[in-house]
Amino acid sequence: MAPEIPQDQESPLGASFRDPSGFLFVSAGKLYRQVNLAYKENYDRLMDTGLYLALVNKGLLVPHVEADHPGLRPEIAYKILEPEFIRFISYPYEWGFSQLKDAALLTLQIQKLALEFGMSLKDSSAYNIQFHRGRPVLIDTLSFEIYPQGSPWVAYRQFCQHFLAPLTLMAYRDVRLNQLFKAHIDGLPLDLTGKILPFKTRFKLPLVMHIHLHALSQRRYSSAALDTTRTMSKVALLGLLDSLESGVKSLRWNPKGTEWADYYSDTNYTAEALEHKKLLVGEYLDRIHPSLAWDLGANVGVFSRLASERGIFTVAFDIDPAAVERNYIACKNRNETHLLPLVQDLSNPSPNLGWRSSERTSLIHRGPADAIMALALIHHLAISNNVPLESLAGFFRDLAKWLIIEFVPKSDSQVQRLLASREDIFSVYTQDNFERVFLTCFQIQRKSAIRDSERWLYLMEALPLG
Amino acid sequence: MELTSHFSTEVYRYIILTSSVLAYLDPGSGSFILQLILASLVGSLFVFKNFWKKLLSFVRGIFSRDRSDKE
């Protein structure tokens, strides 16, 4: 399966329409970026001054090669770039706190470096940052413009809305508030942010300036004409960046106390069962050799690492931001390049969003993966969320060719916990019925009882559609 | 002396101002104006912070030189 790049399209990709500098398109299964003639001067400056090399050498910008391709709109094309391939595109509403914070600090670092070369970021969208080889990188090569001496930072509003506002809400109110990104595609409105934040944030200089006063200024001057004769020195601009950086660095969130982040210290697995499960998952992975795996309900990534340490690029999804945070911190500390932890609520997966519902792609449309790992997951979807087994089988078949799935029977103490406070209406939730239903979508290739537990592990291969 | 002169230069550069441009994204009038309002404050803080850092490293340099001279 070749999952990550969309089909060839006769038009620019959905998110690539705002900037007249260029756009992304797909041709012959490859992703390209057309640089338009309108951006020629800026592109040449980026490449000729050494800024591009400096950014790439520091791992801040995704590298590209200039491709021998006529472009999707040759009449306005200056160059066609083939950027290094990003394995999985993720969005800020799927990131943990530190992922968003690292993306914010990266954006400021890039802006400071750009200014040294006489250029400046003309946008600072969080969607322009992606996680590549375990680190955040800027993916929009066309984000730079020649620094107009004396100009305030045109991307200041966007930086505050895309980074500072959500991070402050996550740090001071609730880490789940980055979900507001789904309702506000261009970042969190500062007036809304100000209303939600606690009063004490008015006593933190960067926060009072860049959020509270900023919201006030937006309200007061919303229809004011810009006086373009008034300017801002480069030192003041550097001061602004320094102040934003201090604000971002001062924000902290400590992942603790959630149900799932402490899962492995509060589980019904014996040590033998856990080790046997790891052994079986490893064996299944060795048998199918996927290149891209999605671990659904990955928690802190114990089983995801069985895949990523085999060189399989693995996206570790979990509903709990604390588990994702711990997983990401571990990835950073270990310099892991094949693992990407993300927040995802499988009962309500990320939808298509934005203009014509095509700027941000749904989770399902970012698939299929080669393999899905659904370990200790099915009982949560089937029992906590009342999803019928037929629907679960169809869901997994849509996501990947291979499925490694653990069946947790009703007698298991974890399932009993789920049933403790509700009526048991799940008479069909049996292992026999699970197999019967999943056989309508999959072939069972392997099936093993996990030692010292009541659970079973399956390796399934999707049946051809139709 | 060098530090004082650096400080004056930064303050001078901070006063020298030129023109502005239009962006493909709306920078927002309020966001634009706020930056102009904050410019003096954040610029001064930045210059002072850098001045302070240099002063500290200058003082540290003197003491470490004294120590190595004694050794």
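Lettering of chains follows the sequences in order, A, B, ..., and the numbering in each one begins at 1. As a basis for the values below, the full set of heavy atoms in this structure was taken, side chains included, without hydrogen atoms, waters or symmetry mates.
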Applying the side-chain contact (heavy atoms from CB on, under 4.5 Å) test to Ser31(B), which of His214(A), His210(A), Gln158(A), Gln161(A) qualifies? His214(A)
Between Ser217(A) and Gly30(B), which heavy-atom pair has the shortest distance, and what is it? OG-O, 2.6 Å
Heavy-atom count around Lys204(A) NZ within 6.0 Å, excluding the residue itself: above 12? no
Show the nearest heavy-atom pair for residues Met209(A) and Leu34(B), with the distance to one decimal. O-CD2, 3.5 Å
Work out which heavy atom in Ser243(A) is nearest to a heavy atom in Val42(B); give both atom names and the distance. CB-CG1, 4.1 Å
In this structure, CG of Leu36(B) is separated from OG1 of Thr231(A) (nearest 0.5 Å) by 7.5 Å
Here the pair of heavy atoms bringing Gly239(A) nearest to Phe46(B) is CA-CB, 3.4 Å
For Gln35(B) versus Tyr156(A), what's the shortest heavy-atom pair and its separation? NE2-CB, 3.3 Å
Could you grab the distance from atom CD of Gln218(A) to atom CD1 of Ile33(B), nearest 0.5 Å is fine? 11.0 Å
Step-by-step side-chain contact (heavy atoms from CB on, under 4.5 Å) determination, Ser246(A) to Lys49(B): CA-CA 12 Å; Ser246(A) 303; Lys49(B) 192 171 157 182; 4.0 Å; yes
Residue pair Leu45(B) / Leu205(A): nearest heavy atoms and the distance that separates them: CD1-CD2, 3.9 Å
May I ask you to check whether over 12 heavy atoms, not counting those of Arg220(A), lie within 6.0 Å of atom CZ? no
